[in-house]
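All remarks here apply to the structure that follows.
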Amino acid sequence: MFHLRDDEIAELLDLASVTEAVEGAFAAWGRGDADTTQRVRSSAGGGVASAMAAVVPPFSGGKVYSTASGAFTFVNILFDIEGRLLCTLDGDALTRYRTPAACAVAIRALAAPACTTAALIGAGRQGWYHLEMLASELPALSGVAIHDLRPEAAEAMVERARAAGISATVASSPTDAVRDADVIVTVTQSTAPLFAADAVSDRALICAVGATKYDRCEIGADVIERCASVVCDDVTGSRVECGDLIQAAHAGRFDWSRAIELSAVAAGIVDVPRAGTTPVLFETQGVALQDVAAAALAYQRSRRKTPKASDNNGDGT
Ligand SMILES: NC(=O)c1ccc[n+]([C@@H]2O[C@H](COP(=O)([O-])OP(=O)(O)OC[C@H]3O[C@@H](n4cnc5c(N)ncnc54)[C@H](O)[C@@H]3O)[C@@H](O)[C@H]2O)c1
């Protein structure tokens with residue numbers, strides 16, 4: 001069995017290439033040329049197991065993972081379109097690239113022109129990868145304000161950012177972080193809204209990454225009401241998983257008919273005005289489509305590095 005480990009995947013992938021692959025996969029889904037399932041979860045006896053699958057021609061696959069004490073153990077599977085098993089892959093490095101890639105796709109389509117300022121709330125594992133994404137997607141970026149419930153985490157990330165050549169400062173509160181930010185990324189496990197609607201600039205694109213369960217909340221109903229458009233990585237999945245929108249809908253302050261698919265935006269099927277005169281919200285919980293797109297890229301690159309006569313790259317190469 002051919003298996004790609006996290007350290008190998010981290011060597012093989014780069015954010016720009018994964019973003020291209022993920023953008024292409026969302027556009028294919030929007031055109032009806034790719035498909036992805038919702039996540040299913042099972043729990044008993046203290047254990048939790050989850051699964052999700054997607055077809056992104058010429059590949060298909062998905063991931064199965066367990067969650068214990070807040071830690072995830074992922075296994076991804078990749079097939080070619082004829083159903084031949086190509087490989088299995090660890091999931092940490094794939095998640096590291098495919099999660100910010102979804103926000104990068106949203107930024108390309110929905111952010112105000114010439115963004116110079118950004119805010120990052122949540123200086124954890126995913127926070128760093130989203131900071132790298134902001135630096136690469138916003139060429140005119142002059143500074144990122146970083147806030148975390150743990151000040152030491154925000155301080156450490158600012159130091160790491162500066163060492164990487166990214167201009168960053170610590171913000172003492174979420175409100176201080178988002179004020180005047182053109183792009184806001186929230187990537188926390190918060191269960192209460194992080195900032196109020198009047199803290200957000202009209203130019204802001206908010207990329208909400210952390211509220212991946214119905215009982216989590218980063219973005220309050222007042223912010224959602226102010227946003228001209230609400231774009232989701234998967235509207236059907238968001239109805240089950242996106243705490244921000246579920247709670248706002250439950251309070252009668254958000255109607256699901258407002259939710260727009262990122263896939264339709266990426267495919268050019270719907271025209272969503274960029275942030276600028278009013279803020280725009282992008283909500284992501286992550287879909288298997290992203291995992292399969294990133295896994296396929298890692299697989300193809302690994303086979304190009306060490307080709308074997310019996311290998312099928314799934315793309316005729
Ligand atoms: N959308 C996706 O595809 C996707 C993928 C991976 C992870 N996630 C979600 O992103 C979130 C972060 O994941 P991670 O691996 O970086 O976790 P992490 O624990 O490494 O980091 C989370 C950080 O958020 C901070 N935080 C928590 N509550 C806060 C609050 N109220 N205000 C400010 N900071 C707060 C914590 O102190 C921590 O530093 C989780 O909710 C996770 O489920 C989403």
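Everything numeric in this text was worked out from a predicted model, so none of it was measured. Both ligands and their constituent atoms are indexed starting at 1 by order of listing.
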- State, yes or no, whether a side-chain contact exists between T212 and Q189 at a heavy-atom distance under 4.5 Å. no

- Item | T99 and ligand 1 - part of the residue with a heavy-atom distance under 4.0 Å | side chain

- ligand 1 contacted by Q290 (non-hydrogen, < 4.0 Å): no

- Item | Polar contact flag for G210 and ligand 1 (N/O pairs, less than 3.5 Å) | yes

- Of A71, G124, C242, the residue with the heavy atom nearest atom 21 (O) of ligand 1 is G124

- In ligand 1, which numbered atoms sit nearer than 4.0 Å to a non-hydrogen atom of Q285? 1 (N), 2 (C), 3 (O)

- With a 4.0 Å heavy-atom cut-off (strictly under), which part of E283 contacts ligand 1: side chain, backbone, both or neither? neither

- Message: Out of the candidates T277, D182, T278, only one should pair with R203 under the side chain to side chain donor-acceptor pair (under 3.5 Å) rule; please name it.
- Response: D182

- Task: Could you tell me how the ring of F72 sits relative to the ring of F74: parallel (under 30°), tilted (30 to 60°) or perpendicular (over 60°)?
- Result: parallel

- Item | Identity of the nearest option to atom 20 (O) of ligand 1, non-hydrogen atoms only, from E241, R125, E152 | R125

- Item | Close approach, R216 and ligand 1, non-hydrogen under 4.0 angstrom | yes

- Item | Options D291, V209, T191, ranked by nearest heavy atom to atom 44 (C) of ligand 1, top entry | V209

- Inspect the contact between E225 and R258 and indicate whether a charged nitrogen and a carboxylate oxygen are less than 4.0 angstrom apart. no

- Item | Contact check: H147 vs ligand 1, nitrogen or oxygen atoms, below 3.5 angstrom | no

- Note on the structure: Judged by heavy atoms only, the candidate from H130, Q189, R98 nearest atom 17 (O) of ligand 1 is Q189

- Item | Under-4.0 Å heavy-atom contact with ligand 1, by part of L149 that carries it | both

- Are any of the side-chain nitrogens in R226 or D202 under 4.0 Å away from the carboxylate oxygens of its partner? yes

- Message: Regarding R301 and D14, does a basic nitrogen lie under 4.0 Å from an acidic carboxylate oxygen?
- Response: yes

